[in-house]
Asks: 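Sending over a structure as structure tokens; questions will come in a sec.
Residue numbering restarts at 1 for every chain, and letters A, B, ... go by the order of the sequence lines.
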There are 2 protein chains.
Amino acid sequence: MNERIVDLLKKNHLSITESRKKILSHFLDANGALAHADIEHKSGTEFDRVTIYRTLQTFVEKGMIHTIPTTDNSVRYALCKDECSAGHHHDDHVHFMCDECGTTYCLDHVIVPQVALPEGFKAIRNDLVVSGICNKCS
Amino acid sequence: MNERIVDLLKKNHLSITESRKKILSHFLDANGALAHADIEHKSGTEFDRVTIYRTLQTFVEKGMIHTIPTTDNSVRYALCKDECSAGHHHDDHVHFMCDECGTTYCLDHVIVPQVALPEGFKAIRNDLVVSGICNKCS
DNA sequence: ACAACAATGCAACACTGTTGCAAAATTTAT
DNA sequence: ATAAATTTTGCAACAGTGTTGCATTGTTGT
Ligand SMILES: [Mn+2]
Ligand SMILES: [Mn+2]
Ligand SMILES: [Zn+2]
Ligand SMILES: [Zn+2]
């Protein structure tokens, strides 16, 4: 378990620090996406708030996690697949937010469909967020 | 012009106040969506920040405007179509955010497609945000 | 014009996110 | 293993966003 975390950090050319290991482990343990506040609560007073912000930024830049657009305008993060890297993200999957339990899921196997836009509009990224009832709450 | 604004407020059983008239006129003038901060800047020191927040809330509740899910996690509002009312919103259209000019558009004629979800997930709302280059910037 | 009611401004507060800088930890070179 | 070079962290300070309570003001219907 700890091995996998250290390997992940090494693979991304990041120095091995307590905060990074712990924050990364929270993502590996979680089944849904995590908000900054979630990590802050899970970590207690272990790290400074600022450290969490900077660690999340770093992880995003390295392609280890990705942000999720949410309808309630909170920022959430989830682990990326192995295919993702610093340059290339593979964020073409649908995200699901449960109205009941609040969990946000990456539906990795549900691909966002393309839509035809009006004349002159050029799509670069498509984000589809589905809200409703998740499989655990139904 | 002023007539239309007063009518819209009356139709929604809202008392006619300076703030509501001005804020509503900003939406009628704008071609894209507006954030709270946009209205604050347009209004100068005319109203208190809190009044703007409360007015926006009221307009949303009455079905006059709707919030737009954005990828940069800012809250933006746009005028609803006439079909929208306090109970029923018709928010099944795609939204577009221009990476160049930052404008957010309601693409009223582009409908969000349905997607097949994994077993146990039940969709209640679908929000599709497309980012890219708008017709004015291309 | 008046009473009843609703909306506003102000103050205070909580939460989110960013930056600069000194101290501490990690990595690299000796 | 030690020391130097580089990164990361914690702290403090700050700006922005959004909410609430309460007294004051404005709007509405009679
Ligand atoms: Mn995802
Ligand atoms: Mn819209
Ligand atoms: Zn759920
Ligand atoms: Zn544009």
Asks: Does C:dT18 have OP1 or OP2 sitting under 4.0 Å from an N or O in the side chain of A:Gln57?
Replies: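 So the side-chain polar atoms of A:Gln57 do come within 4.0 Å of the phosphate oxygens OP1 or OP2 of C:dT18, strictly under.
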Asks: Nearest of C:dG9, D:dG10, C:dT16 to any side-chain atom of B:Thr51?
Replies: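 Nearest to the side-chain atoms of B:Thr51, counting from C-beta on, is C:dG9.
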Asks: Take atom OH of B:Tyr77 and atom P of D:dT17, then tell me their distance rounded to the nearest Å.
Replies: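 Going from B:Tyr77 (OH) to D:dT17 (P), I get 11 Å.
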Asks: Could you tell me how far apart A:Ile52 (CD1) and C:dC15 (P) are, to the nearest whole angstrom?
Replies: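 So the two atoms are 15 Å apart, to the nearest Å.
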Asks: State whether the side chain of A:Asn73 and the backbone N or O of B:Ser74 hold a donor-acceptor pair below 3.5 Å, judged by distance alone.
Replies: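 Such a contact is found between A:Asn73 side chain and B:Ser74 backbone.
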Asks: Could you please name the option among D:dT27, D:dT28, D:dT9 that lies closest to any side-chain atom of B:Thr17?
Replies: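 Between D:dT27, D:dT28, D:dT9, the one nearest the side chain of B:Thr17 would be D:dT27.
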Asks: What's the separation between atom CD1 in A:Ile23 and atom CG in A:Leu28, rounded to the nearest 0.5 Å?
Replies: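 Nearest 0.5 Å value for the CD1-CG distance: 12.5 Å.
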Asks: Between B:Val50 and A:Leu14, which has a closest nucleotide on DNA chain D that is more 5'?
Replies: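 Closer to the 5' end of DNA chain D: A:Leu14.
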Asks: Closest approach to the side chain of B:Phe47, judged atom by atom: which nucleotide of C:dT8, C:dG9, C:dT19 is it?
Replies: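 Nearest to the side-chain atoms of B:Phe47, counting from C-beta on, is C:dG9.
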Asks: Nearest-Å distance, CD (B:Glu18) to P (D:dT28)?
Replies: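 After rounding, the reported distance stands at 11 Å.
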Asks: Hey, could you give me the CG/CD distance between A:Asn12 and A:Glu61, rounded to the nearest 0.5 Å?
Replies: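 The CG atom of A:Asn12 sits 11.5 Å away from the CD atom of A:Glu61.
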Asks: Can you tell me whether the side chain of A:Arg54 and the base of C:dG17 have a donor-acceptor pair closer than 3.5 Å?
Replies: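 Such a pair does not exist between side chain and base.
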Asks: Select from A:Arg49 and A:Thr58 the residue whose nearest nucleotide in DNA chain D is closer to the 5' end of that strand.
Replies: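 Going by which nucleotide is closer to the 5' end, it is A:Thr58.
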Asks: Expressed as a whole number of angstroms, how long is the span from B:Asp48:CG to D:dC22:P?
Replies: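 Spelled out: CG on B:Asp48 to P on D:dC22 is 18 Å.
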Asks: May I ask you to check whether B:Thr104 and B:Arg76 show a side-chain donor-acceptor distance below 3.5 Å?
Replies: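 Short answer, yes.
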Asks: Looking at B:Lys22 and B:Phe47, what are the two nearest heavy atoms and their distance?
Replies: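 Of all heavy-atom pairs spanning B:Lys22 and B:Phe47, the closest is CB-CZ, 3.5 Å.
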Asks: Rounding to a whole Å, what distance do you find between B:Arg76:CZ and D:dT17:C1'?
Replies: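 It is 15 Å, rounded to the nearest whole Å.
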Asks: Can you measure A:Ile39 atom CD1 to C:dG17 atom P for me and round it to whole angstrom units?
Replies: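 For the pair A:Ile39 CD1 and C:dG17 P, the rounded distance is 11 Å.
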Asks: Nearest whole angstrom, please: distance from the P of C:dA7 to the NE2 of B:His13.
Replies: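 That distance rounds to 13 Å.
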Asks: Please state whether the phosphate of D:dT8, meaning OP1 or OP2, lies under 4.0 angstrom from any side-chain nitrogen or oxygen of A:Arg20.
Replies: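 For D:dT8, OP1 or OP2 has a side-chain N or O of A:Arg20 closer than 4.0 Å.
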Asks: In whole angstrom, give the distance that lies between atom OH of A:Tyr53 and atom P of D:dT9.
Replies: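 In whole Å, D:dT9 P lies 16 Å from A:Tyr53 OH.
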Asks: Ignoring backbone atoms, establish whether B:Ser15 has a side-chain N or O less than 4.0 Å from OP1 or OP2 of D:dT28.
Replies: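 For B:Ser15, the contact criterion (side-chain N or O under 4.0 Å from OP1 or OP2 of D:dT28) is not met.
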